[in-house]
Amino acid sequence: YNRTINILIQKARLLFAMDKHNEVIQIVDFILNTDSKDSTAWELKGQTLKKLHNETKGNLCLENAKKYKKEPKSTLLSL
């Protein structure tokens, strides 16, 4: 599962760099249908929607990305 999602994320990033925004949306929507808490997919979707001049939906997606971002577990934080 994780390997497949990672490959799809990399593909979406490449497509984003190539300005193939509709394809990016298709990929991240597929990922989000599988795991609605995938912060990377939410972030990519938000950035892509903003590129497509959909600021409102883009910002909502970026808020979801922040909400679902995993906190790093560091022993240094507990010192």
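As the structure is a prediction and not an experimental result, all values here were calculated from the model. Here, residue 1 is the first one in the sequence, and each next residue gets the next number.
Side chains of N64 and K45: no donor on one and acceptor on the other come within 3.5 Å.
In this structure the side chain of F30 reaches within 4.5 angstrom of the side chain of L8, judged on heavy atoms. Side-chain contact between L44 and I27 is absent, with no heavy-atom pair separated by less than 4.5 Å. Under the 4.5 Å side-chain criterion, counting only non-hydrogen atoms from C-beta, D38 is in contact with I5. Side-chain contact between T48 and F16 is present, with at least one heavy-atom pair separated by less than 4.5 Å. You'll find the side chain of L60 stays beyond 4.5 Å of the side chain of L49, heavy atoms only. Between T40 and K69, every side-chain heavy-atom pair lies at or beyond the 4.5 Å cut-off.
Distance check, rounded to the nearest 0.5 Å: CD of Q26 to NZ of K20 gives 12.0 Å. Taking CG of L32 as the reference point, atom OG of S39 lies at 10.0 Å (rounded to 0.5 Å). The line from CD1 of I31 to CH2 of W42 is 12.0 Å long, rounded to the nearest 0.5 Å. Going from atom CD of E23 over to atom CE of M18 covers 7.0 Å, rounded to the nearest 0.5 Å. The distance from atom CG of L52 to atom NZ of K57, rounded to the nearest 0.5 Å, is 11.0 Å. We find the CD-NZ distance between Q47 and K51 to be 9.5 Å, quoted to the nearest 0.5 Å.
Within a 6.0 Å sphere centred on CG of N22, heavy atoms belonging to other residues, nucleotides or ligands number 12 at most.
A distance-only check finds no donor-acceptor pair linking the side chain of N54 to the backbone of K50 [under 3.5 Å].
I7 and I9 are assigned to two separate hydrophobic clusters, defined by single-linkage of ILVMFWY side chains at heavy-atom distances under 4.5 Å.
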